[in-house]
Each structure stands twice: as structure tokens, then as C-alpha cells.
Undergrad: 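Would you mind keeping the following structure in view while I ask a few things?
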Amino acid sequence: MLEIKFVRQNLSLIEEALKNRNTTADLDVFQQCDAERREILAQVEALRYRRNQVSQQIAEMKKAGKNTDDLVKEMREVGESIKGLEKNLAKLDETLSSFLIRIPNIPHSSTPVGKDEKDNQVVRVVGEPPRFDFEIKAHWDIGGSLKILDFERAARIAGARFPLYFGAGARLERALINFMLDLHTIRHGYTEVLPPFIVNRGTITNTGQLPKFEEDLFKLEGWDFFLIPTAEVPVTNIHQNEILDEDVLPVYYVAFTPCFRSEAGSHGKDTRGLIRQHQFNKVELVKFSRPETSYEELETLTMNAETVLRELELPYRVISLCTGDLGFSAAKTYDLEVWMPAQGVYREISSCSNFEDFQARRGNIRFRRKGKKGTELVHTLNGSGLAVGRTVAAILENYQLADGSVKIPEVLKAYMGGIEKIQDENR
RNA sequence: GGAGAGAUGGCCGAGUCGGCUGAAGGCGCUCGCCUGCUAAGCGAGUGUGGGGAGAAAUCUCCACCGAGGGUUCGAAUCCCUCUCUCUCCGCCA
């Protein structure tokens with residue numbers, strides 16, 4: 001959420017940002033409500049001032065044994081007026097906050113301006129797509145013939161877009177989770193957290209998934225609870241309504257969680273394989289930083305996520321999302337895209353964003369500088385490190401061999417009980 | 001699920017029969033003083049959000065004592081609802 005004062009003073013900047021994001025909002029209505037609210041506020045405060053003064057006077061007069069009937073009667077009327085104005089005020093507050101909470105973040109100046117994903121900028125390309133001298137298969141075919149992935153049975157258990165892993169496939173998923181957590185905790189200095197997978201409405205509003213994107217979420221029927229679409233939601237909210245000590249910053253958290261997404265509006269997209277599932281696993285990096293260092297933190301966070309791909313020796317590229325493709329709460333986002341040989345394309349496997357103070361304002365996450373008065377909002381950042389299902393898919397495709405087996409990446413061997421490759425175990 | 005206790009400022013903790021309590025006291029923190037260092041000591045300051053004035057330091061007003069509602073001229077204090085925490089019992093793991 002943006003600060004109301006900021007919006008008031010930067011209407012043209014907001015208008016520009018909205019345009020770059022291919023969206024609009026009724027700024028006139030905002031301006032009108034805002035002005036009206038401040039006027040009524042002034043009236044209410046004047047009346048409350050009067051009431052406070054007189055109430056004190058009544059107390060003194062009573063102590064002195066004087067009659068206060070007239071004043072009490074007058075104050076009764078003042079009280080009524082206050083109540084009436086407060087009602088108007090509440091209505092305007094409601095209008096204003098529902099307006100503000102639907103305004104996306106302002107893109108950072110380094111975010112490229114553009115309409116859609118075609119205008120995203122390639123920042124760097126790392127690694128060479130492997131060459132194959134045999135007919136390569138898509139990961140769902142590899143998984144099927146190795147009997148480590150079974151989407152048909154998954155569909156019977158739950159429905160379309162759910163995963164079911166067996167044997168070495170299940171272990172590969174678990175190996176990746178452990179590898180990623182170890183890498184980020186031991187080498188990159190993140191603190192591991194295991195958060196709730198179900199969160200309340202306030203929490204998921206703070207990170208920006210609500211109120212605008214409720215249809216993308218799974219909601220528990222009869223409860224105001226939601227399945228998390230990403231660990232970003234519970235982990236960013238760890239410090240909601242807290243004032244952090246300056247010297248604990250920056251705070252680094254890494255969390256493994258399953259993620260649940262309704263994928264509303266993506267019918268027919270990526271229907272096969274592990275790419276787009278209602279449930280998938282993800283290791284997520286979350287940072288809380290001082291405002292002045294958040295863009296450096298974004299670079300290192302992105303690099304931390306990239307390290308997973310480098311260690312796994314998977315070819316990838318880094319994309320800077322343009323304004324039209326940027327997420328609601330983000331000011332700047334790098335996507336990591338891994339090479340998927342069967343489709344011959346780079347696919348998103350991580351998204352690393354700086355939200356600046358946008359989420360912190362909603363979640364009321366602040367810090368205090370030593371020797372300075374008052375508090376400041378922290379900046380929040382997060383990035384996948386990485387989406388595990390998509391990593392499995394990338395490994396299956398990039399490490400496939402002519403005989404239909406799949407080589408285990410060097411760094412994962414220890415996590416896979418020392419096996420060299422996954423082959424049909426004739427389970 | 002049953003019974004009880006509680007929720008106050010960065011933290012701990014006091015608030016009498018409703019009225020100079022935005023809130024005692026302590027800790028922490030900041031600035032200054034002092035002892036050649038350190039520890040201790042002394043003095044002053046130190047909540048958040050919003051409105052208004054001012055170039056600024058600052059001043060002033062309003063709101064906030066878990067959340068929401070009510071009573072009252074006036075509520076941290078009384079009443080109702082909700083949320084959360086703790087203790088005991090039951091149940092399950």
C-alpha cells in the first residue's frame with residue numbers, strides 16, 4: 001500500500017505508474033474523498049476539543065458544588081453532532097482505504113517500461129543449453145517411463161494439476177529441498193523457518209494477494225482462512241506489527257513450504273507435467289532490510305537463488321520484468337528462467353522482488369534507528385530459491401540420457417544416497 | 001469441549017468508588033556531566049498515527065491502554081460481543 005500523503009502529493013506520478021502497469025484508477029474520486037475527509041476531520045476535532053474542555057470544566061464545577069445542567073445539556077448535543085460527523089468520516093475512510101489498497105506499487109526507476117512479457121529485458125544468460133544426439137523427451141514422458149511421476153493417479157486422488165511422485169522421483173524432490181535449505185542456511189546465512197501453511201485474511205492482505213486476487217487462492221470453506229500460495233505470505237508476516245531493532249537488520253529467512261494456487265484463468269496453459277500445479281513445493285527466501293540497502297539486497301538475493309541453478313549446472317537466464325508484467329506489490333522483479341530442452345524455451349523458476357515499503361506499510365513492519373526519533377518502515381524482499389517441482393522438471397529434461405535414464409547432478413548425489421542416475425526400477 | 005485468569009508505551013509493570021493519567025515506577029535507549037580506561041554515579045530527554053501553524057528547531061489540536069460496539073457531559077477504568085494468551089480438567093496425537 002502507498003502512503004495516503006504520498007498519493008495526495010504525487011497524483012501525476014501515480015497516474016503515470018498506473019498507465020505503465022496497464023491499469024487505471026479513479027484518482028478524481030480519491031481527491032474528492034480525501035479533501036472531504038480532511039474537512040470533516042477538522043470539524044470533528046474542533047467539536048471534540050470543545051467537549052474535552054467543557055467536560056473538564058464540569059468536573060471542576062461539580063467539585064465546587066455548582067450546578068452544571070446547562071453545560072451537560074449542551075454537551076449532549078455536541079456529542080450527537082460528533083457522532084453524526086464520525087459516521088460520515090468512517091464512510092470516507094472506508095472509501096479511501098479500499099481505494100488505496102487496490103493501488104499497486106510504483107515501479108522502481110530501473111524497472112523497464114513496457115506493455116507485457118515481450119518487453120521484459122534479458123539481464124544475463126548463464127550456461128549453455130545442452131546438446132543431445134538422440135530424440136529428447138519432455139519431463140512428463142521421462143517421469144512416466146521411469147515410473148517416478150504419475151499424473152493419472154494424482155488426478156484420481158485429487159484432480160488435474162496435482163503431483164504424485166514415486167521412488168527416486170519423490171526422493172529427488174526431497175533431495176532438492178534439503179540441498180536448497182542447506183545451501184541457503186549454511187552458505188548464505190539465512191535462518192530456516194517452517195511457517196503455517198494456512199493463513200488468515202489480514203496476513204494475506206498484507207503481502208498484496210488480497211483484496212484484488214482472491215480468485216487465485218484456495219479458501220477454506222466456512223473459515224476466513226486461505227492456503228498459502230507462497231511462503232512469502234506467512235514469512236513476510238512474521239514481523240507484522242513489530243518494531244525491529246536497527247541492528248537485527250537485515251533479517252534473512254528461508255522457508256520450505258508447499259504452495260497452493262487455484263490457477264484460475266490459466267485453463268489449457270501448461271496442462272502437462274510439473275510446470276503449473278495446484279500444489280507444488282517451493283523454497284522461499286525472504287529479507288527485511290533498511291530502505292537504503294534494499295536494492296543491494298535484491299541483487300544478492302537474486303544471486304543466492306541463481307547459485308542453486310549454478311550448483312545444479314542448469315542453464316538459465318535472468319530477466320528484469322517490465323512495468324506491464326510486474327506483480328502488484330513489487331517495485332522491481334528479476335525472474336530466473338531455466339532452460340527446458342524439450343520445449344526449447346526458458347521457463348520461470350524463480351521470481352525475486354523488492355517490495356520496498358509497500359508490504360511493510362500494510363503489515364506495519366517498522367524499525368527504529370539508534371539515536372533517532374520515530375520509526376521507519378522496513379523494506380521487504382523475497383525470491384524463490386527455487387520452485388522445487390519446476391527444478392525437478394528441469395533436471396529430468398537437461399540430465400536425460402539416451403537410454404531413457406536421468407543422471408543425478410553432482411551436488412545432489414549425496415542427497416540421493418549416492419546413486420548416479422534414475423532408471424526404471426521396475427517398481 | 002468444560003472451568004478459571006489475563007491482554008496497558010521498545011520491554012517489564014502500576015492504575016483507588018469513571019474526571020489534570022498519554023498514562024506512576026523500573027529497565028532499555030539518547031544527550032550532557034563526572035571519575036586518567038572499564039564499571040558505577042548524577043542531570044535531562046525518550047510512544048504511535050493523524051490534522052493545523054512555521055523556512056526550521058518547534059508549537060498546537062485530535063485519536064489510540066487486544067479488536068469492535070454501548071452507557072456517560074466525560075471511560076484504560078462500567079456493560080456487551082469477538083480475538084488471542086496462560087492455568088487446570090477432559091479428549092486426541
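Chain identifiers are assigned alphabetically (A, B, ...) following the order of the sequence lines, protein sequences preceding nucleic acid strands; residue numbering begins at 1 within each chain. Atom set for the values below is all heavy atoms of this structure, side chains included, hydrogens, waters and symmetry mates excluded.
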Undergrad: Assess the residue pair A/Lys62 and A/Thr68 against the criterion (side chain to side chain donor-acceptor pair (under 3.5 Å)); give the C-alpha distance rounded to whole Å, side-chain angles, the decisive distance to 0.1 Å, and a yes or no.
TA: CA-CA 7 Å; A/Lys62 276 199 166 167; A/Thr68 58; 4.9 Å; no

Undergrad: Give me the stems containing RNA chain B, sorted by first residue, counting only three or more consecutive Watson-Crick or G-U pairs with both distances under 3.5 Å; say none if there aren't any.
TA: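 Stem list for RNA chain B: B:1-7 with B:83-89, B:10-12 with B:25-27, B:28-33 with B:41-46, B:47-53 with B:58-64, B:66-70 with B:78-82.
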
Undergrad: Just how far, in rounded Å, is P of B/U72 from CG of A/Leu71?
TA: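 Going from CG in A/Leu71 over to P in B/U72 covers 18 Å.
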
Undergrad: Separation of A/Gln240 atom CD from B/C84 atom P, in whole Å?
TA: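 From A/Gln240 CD to B/C84 P: 14 Å.
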
Undergrad: If we take the P atom in both B/A24 and B/G10, what is their distance in whole Å?
TA: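 That atom pair is separated by 13 Å.
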
Undergrad: Tell me the interatomic distance from A/Arg361, atom CZ, to B/U48, atom C1', rounded to whole angstroms.
TA: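 Taking atom C1' of B/U48 as the reference, CZ of A/Arg361 is at 15 Å.
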
Undergrad: When you measure from every atom of RNA chain B, which of residues 34-59 of chain A have a heavy atom less than 4.0 Å away?
TA: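 Going residue by residue through residues 34-59 of chain A, the ones with a heavy atom under 4.0 Å of RNA chain B turn out to be A/Arg38, A/Leu41, A/Glu45, A/Arg48, A/Tyr49, A/Arg51, A/Asn52, A/Ser55, A/Ile58, A/Ala59.
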
Undergrad: Assuming nearest nucleotide by heavy-atom distance, tell me which of A/Gly79 and A/Asp245 is located more 5' along RNA chain B.
TA: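 Between the two, 5'-proximity favours A/Asp245.
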
Undergrad: B/A63 and B/A75: how far apart are their P atoms, nearest whole angstrom?
TA: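 After rounding to an integer number of Å, I get 9 Å for this pair.
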
Undergrad: Treating A/Lys282 as the side-chain partner and A/Cys259 as the backbone partner, does any N or O pair qualify as donor plus acceptor under 3.5 Å?
TA: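 It does not hold such a pair.
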
Undergrad: Between A/Lys332 and A/Ser110, do the side chains contain an N or O donor and an N or O acceptor separated by less than 3.5 Å?
TA: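 The criterion, which ignores hydrogens and geometry beyond distance, is satisfied for A/Ser110 and A/Lys332.
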
Undergrad: Distance between the C1' atoms of B/C64 and B/C37, in whole angstroms?
TA: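 47 Å, rounded to whole Å.
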
Undergrad: Please collect all ring pair (Phe, Tyr, Trp, His ring centres under 6.0 Å) contacts where either partner lies in residues 67-113 of chain A, sequence neighbours excluded, each pair once.
TA: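 For residues 67-113 of chain A, and leaving out neighbouring residues, the ring pair (Phe, Tyr, Trp, His ring centres under 6.0 Å) pairs sorted by first residue read A/Phe30-A/Phe99, A/His108-A/Tyr295.
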
Undergrad: Is a side-chain donor-acceptor pair under 3.5 Å present for A/Arg174 with A/Tyr415?
TA: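 No.
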
Undergrad: Using a strict 4.0 Å threshold on nitrogen-to-oxygen distance, state whether A/Asp119 and A/Lys115 make a salt bridge.
TA: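 The answer is no: the pair does not qualify as a salt bridge.
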
Undergrad: Polar pairs (N or O, both sides) under 3.5 Å between protein and nucleotides 64-68 of chain B?
TA:
none

Undergrad: Less than 3.5 Å apart, any donor N or O on the side chain of A/Thr207 or A/Glu232 sitting next to an acceptor on the other?
TA: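 Judged by distance alone, the side chains do not pair up.
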
Undergrad: Which nucleotide, B/G19, B/G50, B/G51, lies nearest any side-chain atom of A/Glu3?
TA: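 The nucleotide sitting nearest to the side chain is B/G50.
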
Undergrad: At under 4.0 Å between heavy atoms, what does A/Lys63 touch on the DNA or RNA strands: base, sugar-phosphate, or nothing?
TA: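 Counting heavy atoms under 4.0 Å across all strands, no contact is made by A/Lys63.
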
Undergrad: Would you mind reading off the distance between A/Lys87 atom NZ and B/G69 atom P, rounded to a whole angstrom?
TA: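 After rounding, the reported distance stands at 11 Å.
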
Undergrad: Quick check: do A/Thr391 and A/Leu312 have side-chain heavy atoms less than 4.5 Å from each other?
TA: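 A/Thr391 vs A/Leu312: side chains touch.
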
Undergrad: When you look at A/Tyr190 and A/Leu285, which way does the side chain to side chain contact (heavy atoms under 4.5 Å, CB included) test go after all the steps?
TA: CA-CA 8 Å; A/Tyr190 290 75; A/Leu285 306 171; 3.8 Å; yes

Undergrad: When the C1' atoms of B/G9 and B/G66 are compared, how many Å lie between them, rounded to an integer?
TA: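 So the two C1' atoms sit 14 Å from each other.
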
Undergrad: Quick one: A/Glu74 CD to B/G74 C1', roughly how many Å, whole number?
TA: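 Value for this atom pair: 14 Å.
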
Undergrad: Which distance, rounded to the nearest 0.5 Å, do you find between the CD of A/Gln277 and the CD of A/Glu263?
TA: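 Spacing of CD (A/Gln277) from CD (A/Glu263) equals 9.0 Å.
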
Undergrad: Check this for me: does any side-chain nitrogen of one of A/Glu311 and A/Arg187 sit under 4.0 Å from a carboxylate oxygen of the other?
TA: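 Yes, this pair counts.
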
Undergrad: Using a strict heavy-atom distance below 4.0 Å, which residues from residues 88-96 of chain A are in contact with RNA chain B?
TA: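 Residues of residues 88-96 of chain A that come under 4.0 Å of RNA chain B do not exist, since none gets that close.
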
Undergrad: Suppose we screen for side chain to side chain contact (heavy atoms under 4.5 Å, CB included). Which residues come up paired with A/Lys219, at least two apart in sequence or across chains?
TA: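 Side chain to side chain contact (heavy atoms under 4.5 Å, CB included) list for A/Lys219, sorted by chain: A/Arg201, A/Glu214, A/Asp224, A/Phe226.
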
Undergrad: If you measure from the P atom in B/G18 to the same atom in B/C73, how many Å do you get, rounded?
TA: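 Straight-line distance between the two P atoms is 15 Å.
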
Undergrad: Measure from the side chain of A/Lys83, starting at C-beta and using heavy atoms only, and say which of B/C73, B/U71, B/G51 lies closest.
TA: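 Closest nucleotide among those given: B/U71.
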
Undergrad: Side chains of A/Glu173 and A/Asn281: is there a donor and an acceptor less than 3.5 Å apart?
TA: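 Checked: A/Glu173/A/Asn281 side chains pair up, N/O donor to acceptor below 3.5 Å.
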
Undergrad: Determine the Euclidean distance between corresponding C1' atoms of B/U16 and B/C59; express it in Å to zero decimal places.
TA: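 Going atom to atom, C1' in each nucleotide, I get 35 Å.
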
Undergrad: Test your reading of the model: is there a side-chain donor-acceptor pair from A/Thr191 to the backbone of A/Tyr253, 3.5 Å cut-off?
TA: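 Between the backbone of A/Tyr253 and the side chain of A/Thr191 there is no qualifying donor-acceptor contact (under 3.5 Å).
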
Undergrad: Check A/Pro211 against A/Arg362 and note the closest heavy-atom contact, atom names and distance.
TA: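 In this case the closest contact between A/Pro211 and A/Arg362 is CD-NH1, 4.5 Å.
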
Undergrad: Is any side-chain N of the basic residue among A/Lys413 and A/Glu420 closer than 4.0 Å to the acidic one's carboxylate O?
TA: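 Between A/Glu420 and A/Lys413 there is a salt bridge, with a charged N closer than 4.0 Å to a carboxylate O.
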
Undergrad: Using atom P in both nucleotides, what's the gap between B/U21 and B/C62 to the nearest angstrom?
TA: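 Pairwise P distance, B/U21 against B/C62, rounds to 16 Å.
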
Undergrad: B/U46, OP1 or OP2 - any side-chain N/O from A/Arg369 closer than 4.0 Å?
TA: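 Indeed not, no polar side-chain atom of A/Arg369 lies that close.
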
Undergrad: Quantified in whole Å, what is the P atom distance between nucleotide B/G90 and nucleotide B/G28?
TA: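 These two P atoms come out 44 Å apart once rounded.
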
Undergrad: Grab the CD-P distance between A/Glu242 and B/U48 for me, whole Å please.
TA: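 Answer to the nearest Å: 17 Å.
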
Undergrad: Starting the side chain at C-beta, find the nucleotide from B/G51, B/C73, B/U48 nearest to A/Thr375.
TA: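 Ranking B/G51, B/C73, B/U48 by closest atom to the A/Thr375 side chain puts B/U48 first.
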
Undergrad: Nearest whole angstrom, please: distance from the P of B/C62 to the CD1 of A/Ile82.
TA: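 These atoms are roughly 11 Å apart.
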
Undergrad: Measure the distance from CD on A/Glu246 to C1' on B/U30 and round it to the nearest whole Å.
TA: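 Going from A/Glu246 (CD) to B/U30 (C1'), I get 13 Å.
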
Undergrad: Using a cut-off of less than 4.0 Å, is there contact between a side-chain N or O of A/Arg76 and OP1 or OP2 of B/G74?
TA: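 Negative; the distance criterion is not met.
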
